[in-house]
Every structure is written in structure tokens, then in C-alpha cells.
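Residue numbering restarts at 1 for every chain, and letters A, B, ... go by the order of the sequence lines. Just so it is clear, the structure is predicted and the values come from calculations on it, not from any experiment.
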2 protein chains.
Amino acid sequence: MATMTDVAKRAGVSVSTVSYVLTGTRPISEATRERVLAAMAELDYQPNAMARGLASRQSNIVGLLLPLTGRGLGATETAFVTGATEAARAAGYHLMLCPVGADDGDELQALATQRLLDGFLLMEVRLTDRRVELLRKLQAPFVLIGRTKNSTGLACVDIDFEQTVGDAVAHLVSLGHETIAYVNHSKASLASGYGPAKRTEAAFKVALKRHGITGVMVPTDDTAAGGRAAIREARECCPALTGVLVMNESAALGILAELREAGLDVPWDVSVVSMVTSAPVAELASPPLTAMTSPGAAVGAAATRILLERLGGGAGSTYEELLPCALEVRGTTGAAKKRKR
Amino acid sequence: MATMTDVAKRAGVSVSTVSYVLTGTRPISEATRERVLAAMAELDYQPNAMARGLASRQSNIVGLLLPLTGRGLGATETAFVTGATEAARAAGYHLMLCPVGADDGDELQALATQRLLDGFLLMEVRLTDRRVELLRKLQAPFVLIGRTKNSTGLACVDIDFEQTVGDAVAHLVSLGHETIAYVNHSKASLASGYGPAKRTEAAFKVALKRHGITGVMVPTDDTAAGGRAAIREARECCPALTGVLVMNESAALGILAELREAGLDVPWDVSVVSMVTSAPVAELASPPLTAMTSPGAAVGAAATRILLERLGGGAGSTYEELLPCALEVRGTTGAAKKRKR
DNA sequence: CTGAAAGCGCTAACAA
DNA sequence: TTGTTAGCGCTTTCAG
């Protein structure tokens, strides 16, 4: 394992010169640079990450904090992770997976104080999140994926729910649908003020008004059974219903199953749009779900980019970046059936 | 940020004493240990990871090498990752995600030479995998998740495909099924010698013989369409077919859809067992899939455990650990219909 | 444009 | 049972 001293000797220069060609922190004549580079190549030299980290006070590693529940990660979260990983790698950083949820304060305190990580990406952010207070107190650079209650002074990247709901409703309206249900997350989520649930609810109302159509919001559990119950409820209170927008993938599948069993054809009788859904899941359904595809990898990449900017000394001013989900029309939406009048 | 020197001063001991209470490398009297611990607590001391790594020549970080294709990770791979992460954390190690596939030699060469990682976990191992040769050459400790062509001298953890196929077939047989199809990975996979495809094929034949029943293997694409085609082909060549074992989740869903459209009831007319399937996906289907649930987290944890043992100086002898998938009976298997005779 | 040398914070001989 | 000290391999002043 060649060290910097070996390289210096072989190139006939001092260690500091080798260091400078590596970091580019000061001008080096073309001639010596080439000798040094050659020596490195001949010795298969790679700088020792630990020594470098110790001397420079930075590890070039960022931590991805996410709670690792037994249930594992969904497709969207996985895309965050891969997007962030690749963005980090492209910038010469590494990404460490840290199973630290909203409540694991001590774990994080230790992690952040060990100086192993230059900054943090927080996933599964909750409205009040201990990790946020803690990192702020420790003055550690970090970026949220999602949003907390009060985000002043914080940097965050999130899905643009307002835009996404607007686009979904516009799609249904353009197909002639005039009565739409929005199957949201559960009542409990809404009551607890869960961001996506609240924001999509508001956006749904705005969209209805803008298009001058009618609709209902039905909260339900994020399960297939929840979807079934929700669609029954929605059809009961709005028999004219021809379009459904649904927040959760499992609920979406439940809705398809329930409609099928009720003898209704999708999309002939009812059109269904699934929100924040990944392509693989959308394609598992039959017919494949028309969906608003979550910009998973893009979110992860954006968060990483912002974090790295801040590591470069950027100030800690408020910053928000919202990415909309893209409409992907598959098999569950079609022209609205003309109602009898 | 308190350093070890600060702690030593405050406790009235030398730095080495502090170091030794931290590492436990040599006996310390209870009295001084307590003073040191107290000093640490008062100063919120956390050892600097980089300094520690430099001095001890180990980072306490292991790398998880996996190709990050655009498609993202499936549920099974995600479970590997979370299982490995938690096992590492429990042992005081961290886990770094490294997007390095079977062919990215140089990337890995650099990574391994930087001394940032103590060892490696390889996912998505291919029959011939450049990463394996390279790590072996560099004498870096590593464990495979999956198997290569020749695994002598290597440590690996894998799903026990033989056992899993055997169990699946036994389940169908116990329900009275006597003609079974096995819908495998694609012809291309088989031709390329892809391990799971080959091993399950062999195991299927063995199981048929053992139970004295008949069956066919149909290779197909890992897609819903592939599943549809496969089940059509199977029923054509074996009209007596009442049981299906299928390797891929998407194909399994395709099979269910195709059978439904053909007017056949599952499990009344045909029973379906899906292999190496995660619970969430199994439950998306309707009826929910009876499946052999992949031991994802257990595989990740086992691989980590073995790697950490080897870091502790354990020799590099061949080691293989195979974990079977567990049968979870859901809604797609039932008693075989009696055939007309 | 280049070199010498002082650390970075810790571990692990060696010495007592 | 404890202290002293020489590095680990690199970055970065300070000099030239």
C-alpha cells in the first residue's frame, strides 16, 4: 500500500507537492505535476481516506438518515436512496446509510459528534422531528426530504403535492369527468397534520373550484381494504362519480378490485388515477394504473446537490425545492361516460 | 468538540488511559474507569472517527456493493440492505452504500485501496464477477450474497433454492396436485447459466421425481406478459395442469390475470405458488399470493455477521450459508380439483 | 513555484 | 495498574 511519501520519493518532490497536485489547492508546474501523476500511477497510489479526513477535517461522506422499520422501504424511498447515492458519488462523496428515525436522538447525537459524516440527508421527516432540532443545535449541515411544521431556516426538497394534484385533476377533467373523489390518507393522518395529507386535501379543493366541478374527499387507511371501503363510501354519497384520485398504491389496488367486483369496468365506467406511485407497482395492476409517478431519484439527487452546496460553506438560509410527479397515462383512465340527463 | 486530551485532563489521567477505557484493550481499575467515564459524559465526548481509523487502521465501516440500475431495488434487495445495515449497526459498524456492479472494476479498485472500508458485501453477484477477482487479489475481506461459478475459498450467503422449490412442490402435492408447471426465469437467463434459474430447474425435476408426479418447466420473461404467455403455453401442453410454481412476482401476477380472463378460478381450478416473493407484493394480488417468502433481511444479516467474523481475523476458508424461503399460504392455493377420469 | 515541518486526534508499543 | 511517546498518512501554514 503506497503512501504519499512513497510517491514523493519516486517523483523526486516533497510530500506537500504531492498533496497539492491531489487537492489542486495551489499552482503546480505542468512538469512536476506530470511526474507526480506518473509516480502515482506506477505505484497504484490511492490517498488514505482516514488520514485525509483527519487532516482536512472532512470525510467526504454524507449520512442518509432514515428509520428502518421492519416493513422495509417502498419503491419511492428506494429511489430517493439510489438518486442520492449516485449524485453523491458523482461529486466525489460517499453515502452512508444510517438507521435513525425521527425519535432516535442519542444515536444521532453520537453520529454527528464523531465527525464521521460531513452532512446529513433526512428522510421520512415528521412534522416535529427531533433530528432537526438536534442537528440544528450541533450546527451540522443537513437537508430534509419532506417538510417539518416550521421550515424557516431549513433546506428541504419535497414532492410538489399541490402541482401534482392539480395535474391529476386536470387530466380527469380533460377526459370529461365532472364528479371526482379524492381518496386521501387516513383520518388519523389528517388529524395529526401529516403534510402530504393536508396539502393534497387543500390542493384538491382548489382544483375543483378552478374547474368548476364537484367532488368529495374520502380519507381512508393505506391498505387495499381501505381503498375498497373508500370507493364504496364515495359512490354512495356521489352516485354520479366517474373519476377517482387516490393517494396510496395499496388503496388504489383495493379500489380496482372493488369496482371490478361491483361489475364496473375501469376505465369505461370509472377512471382511476393513483398518486405518487412508482412505475413497477403501477404496472402490476390490471389494468395498469394511470399514475402520477413520483420523482424519487430526482428528489434524492436534488437533496444531495443542495447539501453539498452547503458543505461548500453556503449559508443556512431557507431553501425549498418542490418537484412534481409526472402524469403517466396507462390503462385506468379514459373518457367519461356521458351521464343520463 | 472535546478531544481525548480534554477528557484526560479533566479526569486527571493520561490520554492512553482514556483510550484504553474506550477500547477495553487493557485492564483499568474500576475507580479510574469511572472518573474517565464521568469526564466523557460531562464533556459530551465522542471519539473522532477519522483519527481513530487512522491510528487503528480500521474504519468500522463495511461497504455494500450493488449495481444501482435505473430500475431501483426490489423488495427482496431492499430487505438485504436493511438487514445488513441493522446487523452492522448492532455490532458497532456502519454500512456504506457503494454503487459498484459486477463490471465496475476500477471504481472498486480505488475504493478498496483507500482504506475507507474494512470489508465488503457483494450483492447481485454474477457467475463471473470482476469484483470477486479484484477483492481477492487485494486481499480484502468480503462475503457474497449469491454465488459465483466457482466458490471455493469464498464466503457466501444465498437463498436455498433447492429447499425452497422442494417445499413449494411438497405444498402443492399435499393439496392433491399431480400435474405442475414451473414458470422459471427467461431462456436467456438459463442459457447464460444464471444460478437461481439453473438450480431451481434442477430442484424442480428432483421434486417431481421424488413425488412421482408430472410437470413441465416453462422459461419466460420476468414480466406480467411473460407470465401470461407461460401459463398459456403450459396449459396447452399439459391440459391436466392444476398447480403452478412461478419464479417471478410480475410473472405471477400476469398468470393470475391470464387465468382470470380465461374464466378459471384461482385456487379452485388452478393453484399458484410464487417463489422468492415479499409479503407486500404478495398481498397486492387478488387473491393474495401464496408464496415462498424470501428471507431478505436474514440473508443480509447473515452476510454481515460472517463478514465481521472474518474481519476479526478469521481465515478465508470456504463457507456457505443457505437460507430457505418460508411458505406463506395465502389465497392462491387450495385442494386440487378431481380430474374426470 | 516548491520544501520543511507542525499538527489533526487517536492507538499501541514500550517503560515504569 | 498507569504514563510517555512515537507514529498512522495526510493537509496546510510558514519560509524560501
Checklist line | side chain to side chain donor-acceptor pair (under 3.5 Å) partners of T318(A), counting only residues at least two apart | finding: none
Next item on the list: With a 4.0 angstrom cut-off to heavy atoms of chain A, pull out the first and last contacting nucleotide of DNA chain D, in 5'-to-3' order.
Entry: dG9(D) to dC14(D)
Note to self: Run the side chain to side chain donor-acceptor pair (under 3.5 Å) test against Q114(A) and tell me which residues pass, sequence neighbours left out.
What the structure shows: none
Check: What is the bend of the helix from dC1(C)-dG16(D) to dA16(C)-dT1(D) when you compare the axis at one end with the axis at the other, using five pairs each and rounding to 10°?
Finding: 30°
Note to self: Can you see whether S151(A) engages T148(A) through a side-chain donor-acceptor pair at a distance of less than 3.5 angstrom?
What the structure shows: no
Notebook entry, point to check: Looking at CG of D103(A) and CG of D129(A), how far apart are the two atoms once the value is rounded to the nearest 0.5 Å?
Noted result: 7.5 Å
Item checked: R52(B): partners by side chain to side chain donor-acceptor pair (under 3.5 Å), with sequence neighbours left out -> none
Checklist line | Residues E133(A), K137(A): salt bridge by 4.0 Å N-O rule | finding: no
Margin query: Nearest 0.5 Å, please: how far is CD1 in I61(B) from CG in L116(A)?
Written below: 4.5 Å
Checklist line | Gap between atom CG of L111(A) and atom NE2 of H94(B) - 0.5 Å precision | finding: 5.0 Å
Check: Does a sphere of radius 6.0 Å around CD in E30(B) hold more than 12 heavy atoms from other residues, nucleotides or ligands, not counting ones at 6.0 Å or beyond?
Finding: yes
Next item on the list: If a protein heavy atom is under 4.0 Å from the base, mark B; if only from the sugar-phosphate, S; if neither, -; do that for nucleotides 9-16 of chain C going 5' to 3'.
Entry: BBBBBB--
Note to self: Surrounding CZ of R147(B) (heavy atoms of other residues, nucleotides or ligands, distance under 6.0 Å), is the total greater than 12?
What the structure shows: yes
